[in-house]
Each structure stands twice: as structure tokens, then as C-alpha cells.
Chemist: 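Just dropping this structure here.
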Amino acid sequence: MQNYSIFSLLRNGVTGHKNWSEAWRSPPLRDKYEVIIIGAGGHGLATAYYLAKEHGITDVAVLERGWLGGGNVARNTVTIRSNYLRDQSIPFYVKSVELYEGLTKELNFNMMHSKRTMIDVVLNYPKMRELRRRQLTMDIYGSTYEQISTEEVRRRIPALTGGRPGSRLPVIGGMIHTDAGVNRHDAVAWGYARAADARGVEMHQQTPVLSLVRGTDGRIEGVETASGTVRAKKVIVAVSGHTTTLTETVGLKLPLRTMNLTAFVSEPVKPLVDVVVNCPDLGFYFSQSDKGEMVIGGAPDSGQSFRRDIKQHVFEDTVSAMLELFPSFKKLKLLRQWGGHLDITHDASPIMDETDIGGLFVSAGWWGGYKAIPAGGLTMAHHVATGRPHPLTKDFTVKRFRHLDFIMETGTTTAR
Amino acid sequence: MAYNAKISRVGAMTLFDLKGKQTALAGWAGEALPPFPNTPNTSASKDEMELLFIGPDHWLLHAPLGREAELETVLTPTEAPPEISIVRISDTQTFFSITGPDAEQIISIASPLDAHLSVFPENGATFTEAFGLKALILRKRDGFSLSVEQSFGDMVEDYLERAMS
Amino acid sequence: MNNRLAEGGRIDRSRPLTFTFNGSRFQGYEGDTLASALLANGVALTARSFKYHRPRGIFGAGVEEPATLVELLGKDACGNRPPTTVPLRDGLSAKSVNCWPSPRFDFGAVTELFARFIPAGFYYKTFKWPNWHLFEPSIRRAAGLAAAPADPPSSGHFEARNGHTDILIAGAGPAGLMAALTAGRSGARVFLADEGNEAGGALLSRKLSVDGQTALDWVAAAVAELAGMPNVVHLQNSTVWAYREHNLLCVNELDPDHPTLLERNWRVRAKQVIVATGAIERAIVFANNDRPGVMLSSAVQTYVNRYAALPGQRAVFFTNNDSAYAAAADFAAAGGSVAAIVDSRTDVPKTAKAQAEGIEILAGSVVCDVTGRGRVKSARVSDLGGGAERFIECDLLGVSGGWSPTVHLFSQSRGTLTFDETLVAFVPDVPAQKCICAGASAGKLSLQDTLQDAADKAVAALGAAGFKAAKLVAPKAEDAPYSAEPLWRVECNAKGKAFLDIQNDVTVDDVHLAIREGYSNVEHVKRYTTGGMGIDQGKTGNINIIGTVAMQQGTALPDIGTTTFRAPYTPVSFGAISGLREGSVVLPYRHTPVTKWNHERGANMYEAGARWRRPGYFPQSGENFQEAVNRECLAVRDRVGVYDGSPLGKFELKGRDVGNYLDLLYTNIMSTLSPGNGRYGLMLSEDGLILDDGVAMRLGEHRWIVSTSTGHADAMSQHMEKVLQFDHPDWEVMITTVTSQWNNATICGPRARDVLQALGTDIDLSPDAFPFMSLRDGTVAGLPARVVRVSFTGELSFEVNVAPRHMAELWDKVMAAGAGFGIEPVGSEGSHVLRVEKGFLSLGHEVDGTVDAYDLGMGWIMSKKKPDYIGKRSVEIRRAGGSVRRELVGLLPEDPDEMIPEGAPLTPGGSKQATEGLVTACVWSVVNGRWVALALLENGHSRHGEIAHVRLRSRVIPAQVTKPVFHDPDGKRLRS
Amino acid sequence: MLLIKCPFCRERSEIEFVYGGPVGPDRPDPTICTDDEWLDYLLMVPNPTGPVEERWWHAKGCGDWFTIWRSTVTHEVVDRPGDE
């Protein structure tokens, strides 16, 4: 793998940047691999990387229907945090945050990881109670969360001039999550892809999987692509939104529904807000990108959707909520908006498991799965390589639904 | 130019919620009621009373507040047979009158309802959304009547003032 | 004003306006944009670029402007505006973004010296050591263009509203006006919106004739006719910025005719949409194509014809198509000198040449570079092979890379595009909604075609919307035909940077680097280089990026594909999107008739479910929170208290099948109740989780009333109707919401009966005549009332329900009658303490989406007799799974004065490990004189008497596990 | 924001409605069905890329619960598959 550094940049600058090598190869598709990963998004690429790095499994093909890194990893709000509610969730996300923090060095690719803190702005006592519950449980797992006063909230977010006493919902305080941060989403996909490629993993773009293939023994045997059958004893489905589309080709039903979650950005402006701001009571969150855009998210659309549109009323709800706390943004302008597909389970927790079809693994049900990418890849690779679930994901089974043992995880952001 | 409309809070009106088959309702209280309107989301009137056809097998009897006691006596809700439901709900809604040349513009700020005369006729009467709430909109001479659940009345008054400012 | 023409244009020379740009004062006229006024004043250098801080001028004349952005100051303050879209006003003050101290002397320009070391994506490769945090602050400061607005608008407000129309027409250029006339005459409702400050579109920039009159006279006549049609809404300064699902379009009206409105946003639902948004001219890519003085040829034409401003003295035009010839001719006619027209085509159509008589035409030639830094000095021209090189002196280079139909809205609607080889552009293909493109946006690039196309398309759209319109022969227009040949970039040996995206400083070399590094998909290229991601969204340059990728990869342009166009078409203020919804009405709020009294009493009010504002507690002077709550609770336990229970959800049910229906909804049996009696019940969702709790009462044989928790009233209404209408449409059950038909004052405490007696009532209040869980209709204090004996406090309790119109009166009378008994108003905090002392469950505390009735020790409420009720089967399946359950217990901290934070985890021995439960509530018990808590604890029911451990950060609180009830365990008091 | 055709009120804006989920299998008789049948009913909702039947409640209008067929890909309201 070509080393990236200030020195290589200077050296190449002198030679007109003609000597940079490809970040990943485009080898011909073979008809057999040890492991096939469907979906070159964050989770698929991370799984490929950790399979190679942690378990030495490099005979891996990542099959992508469109372009690498073009799924939800390309269309999220890059918030990384671990302030979850349940024992089953918190340590997983703590691990993910930790991995993210070391990723730039590990992958020799600048993720622009900005551990800039998230502040939950609280307007309601029941919400404050719920967040304090999180705080005390998170503490067990080493995740940081502290209550701060309204004055401190305002000191840290000077642009927050709304929510004064007497307003519709006055700010009553905040919770500060110093582990939280943002990074550069494209870098995550590209960095994992480059590093996986360097260890021998193959990336195949524009290679849609049409169906899964089962053997006579009922186990998974491979996949059918537009360019023919590709065999593998282990297949991982990591295609947020389209999980059931694929699993149903082999008659496997999963308790998943696909929804559209949208986000939007403002025009770029000079630095104004230095932390991730989240307001669970009003249902919006945002951070300012390094380029200066406010990257804003709200609630998901109701109804199932495979369309990346935004519902005007959902969008307006988010904007009104934001302006209530940040009235100076009234003159700020919307620059761009987009959506992404999530598949959500009945309890809003993921499914990270081998399915009833032997050798077929799914990584699905991610609801805010961007922050889960490193730990999701690490644990899925572990499960695939060892045949046993990773301790951090042992509860995220398909089997839990057989006894309706839900892991109700409603998250701190509206988008869960 | 600012809007040429007049808004006033009327408050409660007599309202009876009527459910069941039209024939059964007519059989029980037909003589006391205006004729049943045939078209969904329209009203028919008689003696200052209006009968609003606002849902499947569902009507509202709407009259000035002063008529409540008299109508209660005629309709005898508690005595009505099991296949019909008559419930006095006068207190559940608070009414606003919106009149003047720009009344329809105020409605378009409040509600996604298409209140154009070609769509929402002279006797139009429907539940819809206004300012995020369930609202009853009636076309009136020179404007509209808009009503919402009574507990939201102060909020809607606040909203309408903002619309007119 | 050295560059202002003496006559012509759409400016009003009788109304001079003074404005300030980068600290200098200038003069312009009404009708100018900031850009045209600057050009008229000879200001060529107007900006510095984003990354390299290269000098930039004005490049376009409308929303496509990529090169210059300004920040408006003072009362208009806002950032990142293209000056081409800023109408000039007297006193306007603006400055260039992203340069300091000025575009002429910009310290940031040093970055260009390092340009070779900062290619596309350089930040992915460096700034890694020691970490990004070291670099991030300075990078953030360098980026970001304009400063963020510091304050909300000082006066005025925004409005959002709904519109409905048969035909929405986006754009009031020739196509839009033609379509609007056709549609308007048919009687259909028409909504015509155009982004410009006057109608006419491209006609405002050109010198054409229609029907033997000037095109602008035709425009004026059309506008006048439309103004006379009551069925037509015609808005200028109004951009159709989003095309959503089901033909909902958003229109941002910038300058409404209203004294206090800043902007308006329309959500218009249209039966049919006609997109008549014209076309946008493309840039051409060659070395130093970003220098001030390089300008779209259509912009040159616009400044000359519309604004009477000559953007240069001596011009070269560079084109791959016919349209620049008219531009050159207009420039020459206005007094400019045209040195040459450089045309990349070897065969220039005669019709084009005919327009530029007397001007030298260099066919088969290209401009490969320009000289001059702060302003173009000459164009370096060669033939296509790079030979016959010469420098042509000029201070203006008009470029035209061909025209791209403005398909943004069509594409937003999910219509597909196809590449038209003749037009060398993407054009609309298959519509996905009730939408049709007309005129230039449909690829009709001459005026005659545009007018006829718009008339035909309007007739088709009207037909689809149910209106008959006669086929119309469009008026005769004079215009030259249009043809073009591809020219995505000029290939030559020139050294300078050739920009594909002028705003984001993305060059041809950047794209080549991206491809070399494997970022080969056009989406990768755009993301790696940031090309097309600017505020202009690459309106003049995107297709050149695609073309450059295609050239480099040796593929055909259509195979590379276009990218999705996303809303908004141009940036829109968040204020307009939110409209009136701000301040006190940002969310709904609800009052009861007692709200005013509560305020007067000094209650601490806050939101408590379903948007009700409720009193938390009523502090008296000198009291803190705990003292106030204790006083209120003691009043209830020792004497009497009253609270406003109005918000409780209430539904009246009628019909022969209500009993069966309630048996399906609730876990316990309701159908056996006799009239006048009620029963507490639980409702589950079908997955076996607790949905709500409440009381069902039978009013008569077929009349019932059901109460729900306040916060769930709407959800319960939804649930009840859903079950009824889908699963049992044949059942005779009719449900009427009566939440706001009944308000209530709940009088509770040992002296409650005395207070009610003192109020005066015709109801026999004796325990035998009026037992717990029954109701009576009668009068109380002379008011018609329904009195219900339920208790959420564990004390003797009478819920006195009256109509809201009587509630304030009832409340006053209760307070007066209770005064002698020491009555106190009780807030929600006190109610919480009282229910915890009794172990009554609270949704949101004990019920958090995991527990069932058995966990709560309420197995008795799960009917064994009924074969089915909603959620029954799921509870059975869950309990058969044998997972460890967290069960409701009481906790007594070993130190009675030690408070346990609500939500605190319980862990084995208090160690730092996975939790075995949590504290759901902890209150100071006034009856026990100590802190008591409720908790969910693994296998808690079998652990009474054990010590459980609350784990906090700094300490562990041992607490004894008990039954979850701390007061009157047998319920004697509430039945008294 | 969809335009939803209520059987009683005709076309109205989506904000007047509450979404009630996709229509899956009929509720099995819980007294005789197997666990798997019950769980399928409860959890395995249809999730097609294409037409799906879904429930809507005209909460702010006439109160009717009804179903529509809608494409999850285009969001267009479509005919029930098989209907012309």
C-alpha cells in the first residue's frame, strides 16, 4: 500500500502527481471465493478489512451494485457517539468510537476525525431523566456523559440564542458527550477499501447480485450476479435497506422494514458551532462540517420507502425546531438535501448474525449505522471467521425475535 | 399589502356528534334535524342549524350555543337506541370566524385544504388539518369558520394573529 | 460609470441608487443587479477563489454564477449571494467573501504558491500527524466562504402557505408565458412562477421580435393579459426550488407584496406541471479560464441588452455553437469592439455567420489560454491541432460551451434524462410524475420552436388535467437556428490551471488525478475533487466534468451518466421554509380553564405530555422544590388536595358490541361491568408490550366511557379505531372523543368527602351508595357533573367532571369550599410522589418497552378466562422463552436520608459490570419520612428482603428490596 | 408529502393522515395457530421494492382507516396488483 504522508505529497507535488497508484485494483471477477460480501458500503468494506487483518482471510470479494461507498456511508450525518441506553448496546458503540479514533493511523488515510463533543440540549424533564439514566449505565462501560447547566450549554454553543426562559420550550440543561465526534464519510469507505485491497481483498463495482444461491444441503453456496454465478461457502449481506430483497431470493424472511431517512446541509459559512448539537425534544441534530456547511438531520419519513426524497412536512418540522434554538439561522440557506435507506427491526436494534441458512450472515437493521461501522466490521468478521458471535454482538441475534425478547433502543437522536 | 381579512374568536357552539346509519338517525331525530346532506363534506341547514356530513355514517349538528338545551331535550342522547350514537360535544371545539376578501389566503396559510370555490363549495364542511391540528372548516358567507379542539384555542388565536401581522 | 451605455436596457436612469462594495461607493440604477452595476462601474476583479485565492470576476448573469459570491451587510445581511441575483437597492452594502483584506490584495493568495502540493484530495493523505485536531481549526477558518448570520432578521417575518392549481408553470420566459396564456384562456387554475424580477426570461437579454413587434412588447402584452385573468396566479422573484412527490412543488417568493413579509414559501400541489425553465449556457475549459474578464457569452449579451452595461471594450468570443454569434453582434452594436469569434467547429453554419457580419471568424480554432491576471489581456488562440498560435488582445472573453436544458426540476421529479447527440446535452426523457418540459428546457433552443412547443405541451397538460383547449398556433418569431458540437475541454500544452468547477477550484488535473488513483466513477470524481458541490451546484460546469472523465476513460459521455439533481434548485432561506411556525407556536400548546389560575397562583408550569402545560408544583414564598412538594403531598395524605385532571384522554363508546370490543382491547374482562361501575385495565399492543392503562366505565346498557393516560390519548384513539375498522367492521361500536368535553377537579384525601359535601351535591356520597370504582351523574356546586370514584393517589378520591365552560367556576368553588379543610392544589410532582408511595405504575417510568404485566406484579389483570385479547399470544410466547425478567420491586435505601437518582443502575454487589436492573423512581415519602424507590430488578419478586446495590460513579447505595408499595398496602384508604 | 385519496374525503395531503404500516398476513386465530404463524404475522411485514398495501388513518379528517397500494420505489399510488 502506497504510504500517504506530507512527504509523499511533497515528493509527488514535484513530479506533477503522476506517480500516485490506484487506491484499489479492479481485478476480473473470479467464480469462487472463500467469502463474498454483498455491499461495498461502510459495513461491507470494514468487514472485508477485518477479515483480512484480524483473521488472515483474504480470499474475499466485495460485490457492489453501484459505486464503492455510494450507499448510506455516502449519505449520512457522520455523527459518531456511544450514548446508548442498554447494556447490550453501549459497549459495542464504545468499541466503535475507539476504533474510529485510531482509524486514520491504522489505515494511513486521513479520516479527519474530529472528536469535538456532542451536546444534547434538553428542554423537558422526562427527557433529562432518561438521559441521566443513560449516563449512569454508560459510565459502567467507560462512555463519557455529563450533565451541564443551561449557562454552560450556552457558553459552549454561543449561536444557541433561542429557548430562553418564557419561550415555548425553554432550555433546562444539557448532557455533554465528549467521546462524540464527526469525521469524513468518504474517507471511511475509501480508507477501508484501500487497506482491504492492500491485503488482497477484491472490490467489484457495478456488480449487482441478483439472487443468493443455496446448495442441496440448504447451506449458502454463492450468489448469482449479472456476470454469472460466484461461489462461496460464506456470504455476508451488508446492503442496508435491501437486505430482505436479497434474503427473500432464498426464501428467508427477516423482520425488517425499509425506510427513508433524510438530511440536508446549509450553505458553507465561517466556523460558528464547534460541537455536535442534538436536541432530542425537538427532534433535530447538526454539526458544522470542516467546509462550513451545517449538516442537519431530523426524523425519518413515515412509510416504507426505497426512494431518496424528502417529505416536505418532515423537513419543515426539522427546520422549525432548529430555528427555535438557532433563530439567526433564519437567514442561512438550504443548499442540498438527500435521503438514505435504512432497514429497521421491530426493536430498533441491529441484526448481526448467521441466519437459518448456514453460511449466510446478515448485518442489518442499523439505525444510525455509520457510527457502528468499525465495530460492526470487526464483530461480523469475527463471527464469520470463528463461527461464533463476537461478545459485543452476542445479543443482536435473529433468534431474539423468536421469543420476542426485544432490545428496545430508542437512541438519543430522533433518528435513533 | 397586509391581508384584508377579519378574524374573531367565536368560542363554543352547540355541537352534537351523530353516528350510525342515516335511516336510524333520521328515525330517531329526523324531525329535529335539518335534511341530511347527500355529498360528503357538505352541510345542509334549517333554522340556524346545520347538519354536517363529515365522515362515513358520521354527522355533526351545529347550532348557536343558545340552542343546546333545547336540542338536548329533542335528541335525548342517553335514550337513543344502541345502533345510533348521539353525544353532546359542544365544549370540545372552539370556533374562529375568518371573513373578508383575503379569508381564503388565511386558510391557505393555516391548512392544506384546497378551499377554492370550485373544490370546496358554498356548503363545504370538512375536517382537515390547520396549524398542525385537526380542524373543522366550514365555508360561510364572506369567509370561513375554523374550529379546533378547545384546549388548543389560545394557540390557534396566537397563530392567527401572527398570520395577520 | 464608464461602462454604462447612454441608452437602452431595462434600467431606470431616472432612479439612481448608491451602493457600497468592499468599502467603495458606487452608483447604479433601479433595475440593476449588483453585478451589472459593478460591471457598469468597471469593477472587474470582484472575488478571490475558494482554495487558491485566485482573482475572479463576474462570470455569469444569473443563478448560474460560479465565480463571485458576496456577503450582504447591514439590514440585508446574508452570506454567499451571487451578485448576479442581488437586485440593487439604495444603500446596499456588500463585500466579497473569502478574501482579506480585499480581492485586490488578498493575503490568502499565498496558497497558490503551494498549489502543486495541494491537489485534489490532499487532505486525505496528510494532516494525520499528530492528529487532525491540530489542523482542523485553521482549515475550518479558511473554508466556509461568508460569515454566518449573527442575528435573526431585525424586523418582519416569513410565511409558508399552501397553493393548489391545475397547471403549475415554472418559468415565465417565452415558453412559460406561452403555456400560461394557453392554460389561462382555457379557464384552468394556473400558477406561474419565475425567478426573475420581471417576466421574459431569455427574451430580456436578447433582441428578438415576435409577431412583428419586439419580443419585449409581446412579453408585456402577455403579462397584461395574464393579470386580467382571475384564474391565474403570476409571481415574479419566485423560484420553484423543489419538485417533491405527488406533484408538490415548493416556490420561494422573495419579495411579497406585503409590508412585513420578508419571504414566502409556497407548497403548491399541481394537477400538471409544465417545466419551462429555459437553458443554461456552459463554460469552456481551457487554461486560466477563470480570469476576470472571461464571461459567458450569454452574460455579455445580458449585460449589454438588459442592463446597458458594457462588460469590456474589446472582446473575443469563443464558442462551439451558434448562440455566441448573436451575442457578439449585440456587443458590437452596443459599441464594443469584437476582435474575433473563435469557433471550435470547422464548419460554421451560414446562419450563424450571417449574424456577425464584419467580425472575423476563426473556424476550427480554440482559445487555449489567456494572459492577464487581474483581468484578461489577451486570448491565446490556436487551431485544433495546437498550431497557428496567435495572441489576440482583448479585455473580455465571451465563452459559450453550448446550452444545457435546465432539467433540474424534471430530474428532481425523478424523470429520466437522455443524451441528445445533436444538441450535445442531456434532455428530458421519461417523466415520472405529471410533468412535462416545454421550450428550451425540453431542448427547443430557438424561439419559434420554443413558443410552438410550449403551446402544444400546454394543450396536452390541460387535457390531462381535464380541460379542453384549442390547439394554438404560436406567434411568428424571428430567431436563428441552433447547432453545436462537443467541446468538453481544450487540449493543448498551456500551463495554467483549467477549471472545471470555478467555484470549488476544481481543475482538469484534479479530475485526472482522481481517475489515476482509482476514483473512476463520476460520483467518486465529484466527491474526491468536490467538483459540482458548490453553491452553484455546477450549473455551468458539471457536464464538462462528465465530458472530461469520458475523454480520459475513452468512453462515450452518456455511458458515464449524469448525476442526480437534488433540491433546492437554488439556495433557500431556512426562515422561509419554517414560515410562521416560530416562537410560541413552534409546537402546539394546550390550556385548560385552570391554566390562568395556576399562573396566578405562581405554579411552576411545564409541558407534561400531549402538549399540555401543567403545574409541576405551587411553591409558596421561601419554599424550595422539595418543601413545596412535601407540603402538597402531606395535604393529600392528612387532609385534602385537588388537582386538575382535565387532560386525561376520554372516549365515549356506544353500541351492542362495546362489551366484547373492550374485552378484546383490555387484558381483563370489562363486559361484566354493570351500569354505574368501572374497572381499571391494561391495554397491550399486539406484540405483548403495555400500550396504556386506564379505566373503563359503563354508563348504560350500551354506553361506556373509557379513560386513557394523557400522553397516549391520540395513540389510543388510533389504536381503537384501527382494531374496530379493520378487524371488526361488523361490530356495532361507535367511538366519540370527549377528552375536551369533560374537565375535572380531582379532590383527594381523607377529607375529600367533606369538601364535596360542602360544595353541595345531590349525589349520595356514602361509601355504600357510591363505592370505589363507580360513577354518578348529578350536580355539584350547582353545576351538572359526573363524579367518578377512582384514585391515582391511594386516598379517598372524587373526580368531579364538568363541562369546560363550568370548570373555572368549579375550581374556584372547590378552593373556597376546601379552604376550611386545608385544601391544597397539587401539581404533577406531588402526584408522582403519591403514586410512587402506592406503587402505582407510570408509563414512561416503570413501563419502558420491555416489561409486561407479570413483571409488574399485575398477573391478576391478565385474564385467564378469555381465549384471546390483543397481545395475549405474544406475552405467552415471550414468557415461554424463559429469559430472565426484570420485575418491579420497592427499594428502601439503607440510609433513609439517601436519595437514589432516578434511572440509576443496579449491579450485582454494586460492582462495575452489566446491570441487573434500574431505579425507575425515587421520592421522599411523606408518610414514611424517608426516601423510597421503585425499581425493576432481575427476578425481583423472589428477592424481597435482599440487599440490592445501586451503582453510582463515586459510590454504591445499598438498598433493601421490598414489595413495591409503601403506603396503605391493603388499599383501605382509597376504598373508604 | 403524498396526496392520499381517502374514500370519503377524496384527495388530501399526507399531513392529515397517520401511517398505519403495511398490510401483512391476516391475524391468525391465536388460540390455534403455531408460534411461527403468530411471529410471521407479527414481525414479518412485507418489504417489497414495488407496490405494497398499506394502512392510513384519516386522523385529522373523517377518521376513516383504509388501505392504499403504493410503490415503495416511486411513491406513486398504484392499482392493486392484478387489478386493471
Side-chain angles (χ1 to χ4, degrees), chain B residues 1-3 11-12 15-20 56-58 65 68 77-94 105-116 118-120 129 131-134 148-156 158-163 165, chain C residues 157 159-165 189 231 257-261 264 266-267 269 579-585 587-593 595 610-612 646-647 652-658 699-703 725 732-743 777 803-807:
Chain B
M1 114 198 136
Y3 297 113
L15 278 181
F16 284 90
D17 182 281
L18 312 177
K19 292 193 182 81
D57 298 332
H58 189 189
L65 194 56
E68 189 186 48
T78 56
E79 311 297 321
E83 63 272 16
I84 64 175
S85 163
I86 302 178
V87 182
R88 175 167 54 90
I89 55 164
S90 310
D91 287 82
T92 60
Q93 296 280 112
T94 186
Q105 297 201 55
I106 302 298
I107 293 293
S108 81
I109 294 168
S111 170
L113 183 76
D114 186 354
H116 192 264
S118 64
V119 184
F120 190 63
E129 188 257 15
F131 299 125
L133 309 171
K134 180 174 183 169
V148 297
E149 220 253 30
Q150 161 263 117
S151 61
F152 290 113
D154 291 351
M155 180 261 188
V156 167
D158 187 347
Y159 230 133
L160 285 168
E161 276 170 19
R162 288 166 180 268
S165 69
Chain C
H157 66 281
E159 177 189 293
R161 66 150 74 169
N162 301 289
H164 307 268
T165 189
R189 291 161 78 187
N231 53 323
D257 178 20
H258 185 290
T260 55
L261 263 195
R264 181 183 276 143
W266 294 77
R267 317 169 194 99
R269 189 80 71 167
L580 286 178
R581 193 172 155 193
E582 58 171 330
S584 56
V585 298
L587 293 170
Y589 57 86
R590 307 176 80 169
H591 290 161
T592 80
T595 302
R611 303 298 172 206
W612 293 94
S646 303
E652 195 165 321
L653 285 74
K654 178 75 184 284
R656 291 183 179 88
D657 296 311
V658 174
L699 299 173
E701 180 60 22
H702 302 297
R703 286 174 64 225
Q725 293 188 34
E732 188 184 277
V733 176
M734 290 160 280
I735 307 170
T736 304
T737 304
V738 292
T739 300
S740 286
Q741 182 61 26
W742 296 101
N743 284 168
D777 286 338
R805 68 190 94 156
H806 298 139
M807 180 62 181

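Chain letters run A, B, ... following the sequence lines, proteins first, then strands; residues in each count from 1.
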Chemist: Is any side-chain heavy atom of B/F131 closer than 4.5 Å to a side-chain heavy atom of C/R581?
Modeler: no
Chemist: Given heavy-atom pairs under 4.5 angstrom as the criterion, report whether the side chain, backbone, both or neither of C/W266 touches chain B.
Modeler: neither
Chemist: Sort B/L65 into side chain, backbone, both or neither according to what part of it lies under 4.5 angstrom from a heavy atom of chain C.
Modeler: side chain
Chemist: For C/L261, is it the side chain, the backbone, both, or neither that has a heavy atom closer than 4.5 Å to a heavy atom of chain B?
Modeler: side chain
Chemist: Using only atom types and a distance under 3.5 Å, with no angle test, would you say the side chain of B/D91 pairs donor to acceptor with the backbone of C/R805?
Modeler: yes
Chemist: Provide the closest heavy-atom pair for B/F152 versus C/Y589 in the form atom of the first, atom of the second, distance.
Modeler: CD2-O, 3.3 Å
Chemist: Considering non-hydrogen atoms only, spot the tightest contact between C/S584 and B/D158 and give its length.
Modeler: OG-OD2, 2.6 Å
Chemist: Heavy-atom distance under 4.5 Å between the side chains of B/K19 and C/K654, does that happen here?
Modeler: no
Chemist: Using a 4.5 angstrom heavy-atom cutoff, name the option from B/Q93, B/R88, B/H58 with the most pairs to chain C.
Modeler: B/R88
Chemist: Got a second to check how far B/S108's OG is from C/E159's CD, nearest 0.5 Å?
Modeler: 7.0 Å
Chemist: Please identify, among B/I107, B/I86, B/L133, B/L113, the residue contributing the most non-hydrogen atom pairs under 4.5 Å to chain C.
Modeler: B/L113
Chemist: Under 4.5 Å between any side-chain heavy atoms of C/H164 and B/V119, yes or no?
Modeler: no
Chemist: What are the two closest heavy atoms between B/S165 and C/H258, and how far apart are they?
Modeler: O-CE1, 3.5 Å
Chemist: State, with a plain yes or no, whether a side-chain heavy atom of C/V738 is found less than 4.5 Å away from one of B/I89.
Modeler: yes
Chemist: Based on non-hydrogen pairs under 4.5 Å, which of C/A160, C/S646, C/S740, C/P804 is most in contact with chain B?
Modeler: C/S740
Chemist: State the CG-CD distance between C/L580 and B/E161, to the nearest 0.5 angstrom.
Modeler: 12.0 Å
Chemist: Among C/Q741, C/H702, C/R269, C/E582, which has the most heavy-atom pairs under 4.5 Å with chain B?
Modeler: C/Q741
Chemist: Roughly how far, to the nearest 0.5 Å, is the CD atom of B/E149 from the OG1 atom of C/T737?
Modeler: 8.5 Å
Chemist: Does any backbone or side-chain atom of C/L653 lie under 4.5 Å from a heavy atom of chain B? Answer side chain, backbone, both or neither.
Modeler: neither
Chemist: Tell me which of these, B/S111, B/A110, B/G153, has more heavy-atom pairs under 4.5 Å with chain C than the rest.
Modeler: B/S111
Chemist: What part of B/D17 is in contact with chain C, defined as an atom under 4.5 angstrom from a non-hydrogen atom: side chain, backbone, both or neither?
Modeler: side chain
Chemist: Where does B/E83 contact chain C at under 4.5 Å (heavy atoms): side chain, backbone, both or neither?
Modeler: both
Chemist: Considering all heavy atoms of both residues, which atom of C/P259 and which atom of B/A2 are nearest to each other, and what is their separation?
Modeler: CD-N, 3.2 Å
Chemist: For the candidates C/E701, C/R264, C/R267, C/H591, which exhibits the highest count of non-hydrogen atom pairs separated by less than 4.5 Å from chain B?
Modeler: C/H591
Chemist: So which of B/S90, B/S118, B/G132 has the biggest tally of heavy-atom pairs under 4.5 Å with chain C?
Modeler: B/S90
Chemist: Which heavy atom in B/S151 sits nearest to a heavy atom in C/R590, and how many Å separate them?
Modeler: OG-NE, 2.9 Å
Chemist: Tell me, for C/T736 versus chain B, whether the close heavy atoms (under 4.5 Å) come from the side chain, the backbone, both or neither.
Modeler: both
Chemist: Would you say the side-chain atoms of C/H157 pair up with the backbone N or O of B/A163, donor to acceptor, closer than 3.5 Å?
Modeler: no
